[in-house]
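This chain uses plain numbering: 1 for the first residue, then up along the sequence. Just so it is clear, the structure is predicted and the values come from calculations on it, not from any experiment.
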Amino acid sequence: MNTTPKGPPLTTNVDTPAQAGPREWLGLAVLALPTLLLSIDVSVLHLAVPHIGAALDPSASQMLWIIDIYGFLIAGFLVTMGTLGDRIGRRKLLLIGAAAFGVASLAAVFADGPATLIAARAAMGLAGATLMPSTLALIMNMFHDARQRGVAIAVWVTMFSVGIALGPVVGGAMLEYFWWGSVFLLGVPIMALLLVAGPLLLPEYRDEEAGGLDLTSAALSLAAILPVIYGLKEIANDGFGAVPVATLVVGLVVGVLFVRRQRSLESPLMDLALFRTPTFRTALVTLLLSMLVAGGTYLMVTQFLQLVGGLTPMKAGLWLLPAAFALIVTAVVSPMAASRFRPAYVVAAGLAVSAVGHLTLFLADSSSGIAQVVTGFAFVYAGGGPLIALGTDIVVGSAPPERAGGAAALSETSTELGMALGVALLGSLGAAVYQAGVKVPEGAPEYAGDTLAGAVEAARGLPAEAASGLLASARDVFTDGLNIVGGIGALVAVASAVLVAVVVKLPPTGAGEGADETEGPADVAAPVGAEG
């Protein structure tokens, strides 16, 4: 296998992998910045929606596209961009994406109409799809020691959750003092720093023997993922209907065609051989299921804090920080634990902790107060740290070095799809529980029976007694939905813990020579370096 070394070769002895130095750790800090930015951008836009509506006067359809087009294109292009990075160079693709994201952010800042903002958000999504798999694949090239790589991935993944928690806080502060376009300004200095520091601190890696990018496969990938994501989001918003179900079916049919084409190509867009490894499959499925319950739980908890607990978006974001901090601690500690115990046991123990958190949410009621819900959510996140850190390492490390970008894209796609499924399925379940149980007083607007937010809005125009009764019923029934989501999360966490403990047979990362490692990530030290 020929790669493109740009500096002195590193050791290839799997028993004594090269240790990362200050340059690699500084490079990790650079790679963490776009991850933080992308996660902030996911949550910050929702706060700006009322301001955008007042300034640009978009139609309801245009507003939905402003919100959704970014995530649609990230999910749709992850597989293509991950594989493209393997072919043209991961650092090159990262820097191209960073420049494009910065320019698109500026376009969003100064958008003068809905169509312009939609186009800018689409460009941001396309550029964002280059960043996540490139950063993760580069980490695999920079950190060859299993324990150091585990810590590096733990730092990388925790930045995403920190960004989600900080989004409402940062966005709320910026919207309080500046105009709506300011929320997109964060991308400009961060991407500028990446463009300056990237060539100095990040290595280059590409597969010289890879074939050309199959554009038909790229089109099929996009045509499979986008209808699925769209259908799931529509189901989450409006329930099961002919159009969202039809789009799901179309996406699944195109997905079958995509898989059949990959089997016939010498250099496929997605390496299906990776799925033959039980460890790879188990880690990917567990990540998908965990992100599913995490997405649904996050949706329910954030609404609970604001609509049942009465917190502003900024204060709700602050209450989410303990969960983000718990995730950081467990994600960073888990690689150290994996040096003494089997990674599968560390992940399973974390999932057991998550199950405790879900059970705490299952037992909450509308009068429990914010503390119980925040505590339960913190346990959920704390238990997810080992899975995200070690599971991501297992997924990407299972691939040969030349396929790390494609494996990273699969890991990210699993995460994105899991979050979308969680919002769609568990969000729809919570909505169904609410609509079936809420007691809407006579004379209240019809939308009070659709969502808790609608009930809160409707209560403002009702007499005091009717408003009090509506809010009490709405909050109680919404909490019932949270309880059900918590119960499902607990069952999924326990089942996932058992699955990982039984299937994944990797030895402790500190086992050293003679360890019985039959499959999983190898400490491959490819000759890489930094291009001056």
Notebook entry, point to check: Is the backbone N or O of A382 less than 3.5 Å from a side-chain atom of T330, with the two atoms forming a donor-acceptor pair by type?
Noted result: yes
Checklist line | Side-chain donor/acceptor of Q372 to backbone N/O of T360, under 3.5 Å | finding: yes
Check: For V373 and V301, what are the C-alpha separation, side-chain angles and deciding distance, and is it a side-chain contact (heavy atoms from CB on, under 4.5 Å)?
Finding: CA-CA 7 Å; V373 172; V301 167; 4.0 Å; yes
Margin query: With heavy-atom distances below 4.5 Å as the criterion, would you say the side chains of M291 and I388 are in contact?
Written below: yes
Check: Between L194 and L33, does a side-chain contact (heavy atoms from CB on, under 4.5 Å) hold up when you go through it step by step?
Finding: CA-CA 8 Å; L194 178 58; L33 288 175; over 6 Å; no
Note to self: Between S339 and M336 (side chain of the first, backbone of the second, donor and acceptor by atom type, cut-off under 3.5 Å), is there such a pair?
What the structure shows: yes
Check: To the nearest 0.5 Å, what is the distance between CG (L202) and CZ (R23)?
Finding: 9.0 Å
Item checked: Value rounded to 0.5 Å, distance of OG in S496 from CG in L387 -> 8.0 Å
Notebook entry, point to check: Closest heavy-atom contact between L482 and M300?
Noted result: N-CE, 3.5 Å
Check: What distance separates L73 CG from I225 CD1, expressed to the nearest 0.5 Å?
Finding: 11.5 Å
Next item on the list: Give the C-alpha distance, both sets of side-chain angles, the deciding distance and a yes or no for side-chain contact (heavy atoms from CB on, under 4.5 Å) between V30 and L193.
Entry: CA-CA 8 Å; V30 172; L193 178 60; 5.8 Å; no
Notebook entry, point to check: Taking the side chain as C-beta and beyond, is there a heavy-atom pair between V504 and R342 under 4.5 Å?
Noted result: no
Next item on the list: Indicate yes or no for a side-chain donor-acceptor contact from S334 to the backbone of A331 under 3.5 Å, with no hydrogens or angles considered.
Entry: yes
Margin query: Show the nearest heavy-atom pair for residues M191 and P34, with the distance to one decimal.
Written below: CE-CB, 4.0 Å
Item checked: Beyond-backbone contact of L31 with L201, side-chain heavy atoms, under 4.5 angstrom -> no
Next item on the list: Apply the test side-chain contact (heavy atoms from CB on, under 4.5 Å) to residues I74 and L126: give CA-CA distance (whole Å), side-chain angles for both, the deciding distance (0.1 Å), then the verdict.
Entry: CA-CA 6 Å; I74 284 184; L126 182 60; over 6 Å; no
Item checked: Set of residues satisfying side-chain contact (heavy atoms from CB on, under 4.5 Å) with respect to N483, sequence neighbours excluded -> F362, A364, T479, D480
Item checked: Pairwise distance CG(L28) to CE(M142) - rounded to 0.5 angstrom -> 6.5 Å
Checklist line | Contact summary for P343 and L390, nearest pair of heavy atoms | finding: O-CD1, 4.0 Å
Notebook entry, point to check: M81 and L93: which non-hydrogen atoms are nearest, and at how many Å?
Noted result: O-CD2, 3.1 Å
Margin query: To the closest 0.5 Å, what do you measure between CG (L311) and OG1 (T302)?
Written below: 11.5 Å
Note to self: Closer than 3.5 angstrom, by distance alone: can the side chain of E204 be matched with the main-chain N or O of R91 as a donor-acceptor pair?
What the structure shows: yes
Next item on the list: Identify the heavy atoms of L195 and P199 that sit nearest to each other, and give their distance.
Entry: O-CD, 3.1 Å
Notebook entry, point to check: Do other residues, nucleotides or ligands put more than 12 heavy atoms under 6.0 Å from the CZ atom of F379?
Noted result: no
Next item on the list: For this output row, return yes or no: ring centroids of F143 and W25 closer than 6.0 angstrom.
Entry: yes
Check: Does a donor on one side chain and an acceptor on the other come within less than 3.5 Å for S217 and Q262?
Finding: yes
Next item on the list: Decide yes or no for V259 and R263: does some side-chain heavy atom of the first lie under 4.5 Å from some side-chain heavy atom of the second?
Entry: yes
Next item on the list: Could you tell me how the ring of Y298 sits relative to the ring of F377: parallel (under 30°), tilted (30 to 60°) or perpendicular (over 60°)?
Entry: tilted
Next item on the list: Quick one: closest heavy-atom pair of A326 and A378, and the distance?
Entry: CB-O, 3.8 Å
Next item on the list: Give, for atom CZ of F478 and atom CZ of F304, the distance between the pair rounded to the nearest 0.5 Å.
Entry: 8.0 Å
Notebook entry, point to check: Quick one: does L222's side chain get under 4.5 Å of T80's, heavy atoms only?
Noted result: no
Note to self: With a 4.5 Å cut-off on side-chain heavy atoms, are P227 and L248 touching?
What the structure shows: no
Check: Just wondering, do L252 and V256 contact through their side chains at under 4.5 Å, heavy atoms?
Finding: no
Next item on the list: Could you tell me whether the side chain of L186 reaches within less than 4.5 Å of the side chain of L37, counting heavy atoms only?
Entry: yes
Notebook entry, point to check: Would you find a donor on one side and an acceptor on the other, under 3.5 Å apart, between the side chain of R281 and the backbone of R276?
Noted result: yes
